[in-house]
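Worksheet: one structure, shown below.
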Amino acid sequence: MSAPHIWIVSPASARANNGNWQSASRWARFLRTRYRVSISQQWTDGDAAPDLLIALHARRSAPSLDAYAHAYPLRPSILLLTGTDLYRDIQTDASAQQALRQASALVVLQPSGMAALPAPVRAKASVIFQSAPTLRPARPANKRHMDITMVGHLRSEKDPLTFMRAAALVTAPKARLVHIGGALEPALEQAALATAAAHPRYRWLGALPHAATRQRLKRSCLMAITSHMEGGANVIIEAVCSGVPVLASDISGNRGMLGDGYAGYFPPGDAAALARLIDRALAEPDFHSLLRAQCDARAPLFAPAAEQAALLELVDNLLHKSKQGTTS
């Protein structure tokens, strides 16, 4: 008998190289140890009939989830919720709200995400932290520059303007603010080009392959995440698993990843506060060490084995219940 077939719907493609694609790709790799797995940007009734559907993004995958629920009402489905789902779409978008109801199980990527869900659906939600392989930090002792890296495409939810504005306010002589990410909004692209021209300490590298991005990140002194909304940012995990302290906007999704007592938060949109944190971390070794220690303490949450075990347990249980339901 062949292994059950899992179908993953990811609106983001490999070309997008964003957090949603990294999640879909990693889950496919984990599941292939036990199941047959397909991955595509949508599922329609004309496609092969999987035993379980996993959909990323409530609003964007809603048509696929709806088609699957009508075609195979007794087969299970999982909806993985993104930051824009939790903190925007499920509050206002009818298709996203329907996706919450239709999915057999919901997954949020950090504990704070539970509070954003409507009370009636929380019972079918689980927290699964994402993961990343550990990379040893590689920061030469006598480096000319001390890089503070932001990884995120130029889109409004990521608030790259706060990172750009901080470049004009940082005073540490060796600080260099390096931004990795493709231009998804023309106005933000123009802002990045203008900032780079006006402030040599700011560098925009554009989109880089995932492996190259991780290599740049592990050589950084700090990682900055300035987002207005996050479901559970992959880049936080990759920084933590590379021994790179994080400076994070004080939003629910980042607190769920780094903990309420973390010392590296700044108010969302506050470039001056971010600049002060950068200057302090570079000038005060004890403060940098504190951030590093707090990040290191979170690292076990982001182990690949832990994520894989939680995902396989959820899928196994759903398929088992589905099989019981069809044979009873």
Side-chain angles (χ1 to χ4, degrees), residues 1-58 60-61 64-65 67-69 71-72 74-82 85 99 103-110 124-135 209-214 231-235 237-238 241 299-326:
M1 181 180 295
S2 62
H5 182 197
I6 310 297
W7 193 297
I8 300 176
V9 174
S10 170
S13 66
R15 178 175 294 181
N17 190 30
N18 62 13
N20 288 342
W21 169 254
Q22 295 301 328
S23 299
S25 176
R26 191 176 58 257
W27 276 24
R29 186 171 68 253
F30 288 159
L31 290 166
R32 286 189 177 115
T33 62
R34 194 171 295 176
Y35 302 107
R36 294 179 294 127
V37 179
S38 300
I39 184 169
S40 67
Q41 291 182 264
Q42 61 181 3
W43 184 89
T44 67
D45 197 7
D47 293 320
D51 298 284
L52 182 146
L53 183 83
I54 297 175
L56 279 72
H57 205 295
R60 297 177 66 191
S61 292
S64 297
L65 190 57
Y68 182 76
Y72 304 102
L74 299 181
R75 298 189 184 188
S77 59
I78 298 171
L79 176 60
L80 172 59
L81 292 149
T82 68
D85 286 331
S104 308
L106 307 174
V107 171
V108 296
L109 300 177
Q110 39 77 24
K124 62 178 180 179
S126 304
V127 177
I128 299 180
F129 283 105
Q130 298 183 99
S131 66
T134 299
L135 296 183
H210 184 241
T213 299
R214 285 217 69 187
N234 270 300
V235 70
I237 294 167
E238 291 175 346
C241 293
L301 296 173
F302 310 139
E307 182 186 19
Q308 183 174 22
L311 175 61
L312 289 173
E313 180 180 15
L314 176 60
V315 170
D316 287 349
N317 287 341
L318 287 171
L319 288 173
H320 179 68
K321 290 178 182 177
S322 175
K323 186 177 180 180
Q324 284 187 323
T326 58

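Below, each value reflects all heavy atoms present in this structure, side chains not excepted, and no hydrogens, waters or symmetry copies. Along the sequence shown, residues are numbered consecutively beginning with 1.
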Using the test side-chain contact (heavy atoms from CB on, under 4.5 Å), find all partners of [X] that sit at least two apart in sequence or belong to another chain.
X	value
Pro4	Tyr35, Asp51, Leu319
Ala71	Trp43, Asp45
Ala125	Leu106, Met114, Leu117
Ala105	Ile78, Leu314, Leu318

For the backbone of [Y] and the side chain of [X], can you confirm whether one donor and one acceptor N or O come within less than 3.5 Å of each other?
X	Y	result
Ser77	Leu53	no
Glu238	Ala132	no
Gln41	Ser10	no

Qualifying residues under salt bridge (Lys or Arg N to Asp or Glu O under 4.0 Å), relative to Asp316, sequence neighbours excluded: Arg34
With sequence neighbours excluded, residues passing salt bridge (Lys or Arg N to Asp or Glu O under 4.0 Å) with Arg26: Glu307
Results of side chain to side chain donor-acceptor pair (under 3.5 Å) for [X] - residues two or more places apart only:
X	value
Gln308	Thr33
Arg214	Ser242
Thr82	Thr84, Asp85
Ser104	none

What distance separates [X] [atom1] from [Y] [atom2], expressed to the nearest 0.5 Å?
X	Y	atom1	atom2	value
Ser61	Ile54	OG	CD1	11.5 Å
Leu312	Leu31	CG	CG	6.0 Å
Gln110	Leu301	CD	CG	11.5 Å
Cys241	Leu135	SG	CG	8.5 Å
Leu311	Leu80	CG	CG	9.5 Å

Using only heavy-atom distances, determine whether the side chains of Asn20 and Ser23 contain a donor-acceptor pair under 3.5 Å.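 There is no such pair (donor and acceptor under 3.5 Å, judged by atom type) between the side chains of Asn20 and Ser23.
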List the atom of [X], the atom of [Y], and the distance in Å for their closest heavy-atom pair.
X	Y	value
Ser2	Arg36	OG-NH2, 3.9 Å
Ile39	Ala24	CD1-CB, 3.7 Å
Ala103	Leu79	CB-CB, 3.7 Å
Leu65	Ala99	CD2-O, 3.5 Å

Go through the structure and list residues passing ring pair (Phe, Tyr, Trp, His ring centres under 6.0 Å) with Phe30, not counting sequence neighbours. none
Would you please name every residue forming a ring pair (Phe, Tyr, Trp, His ring centres under 6.0 Å) with His5, sequence neighbours left out?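 If we apply the ring pair (Phe, Tyr, Trp, His ring centres under 6.0 Å) test to His5, skipping adjacent residues, the hits are Trp7.
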Check step by step if side chain to side chain contact (heavy atoms under 4.5 Å, CB included) holds for Trp27 and Val107. CA-CA 12 Å; Trp27 276 24; Val107 171; 4.0 Å; yes
Side chain to side chain contact (heavy atoms under 4.5 Å, CB included) assessment of Gln130 paired with Phe302: CA-CA 6 Å; Gln130 298 183 99; Phe302 310 139; over 6 Å; no
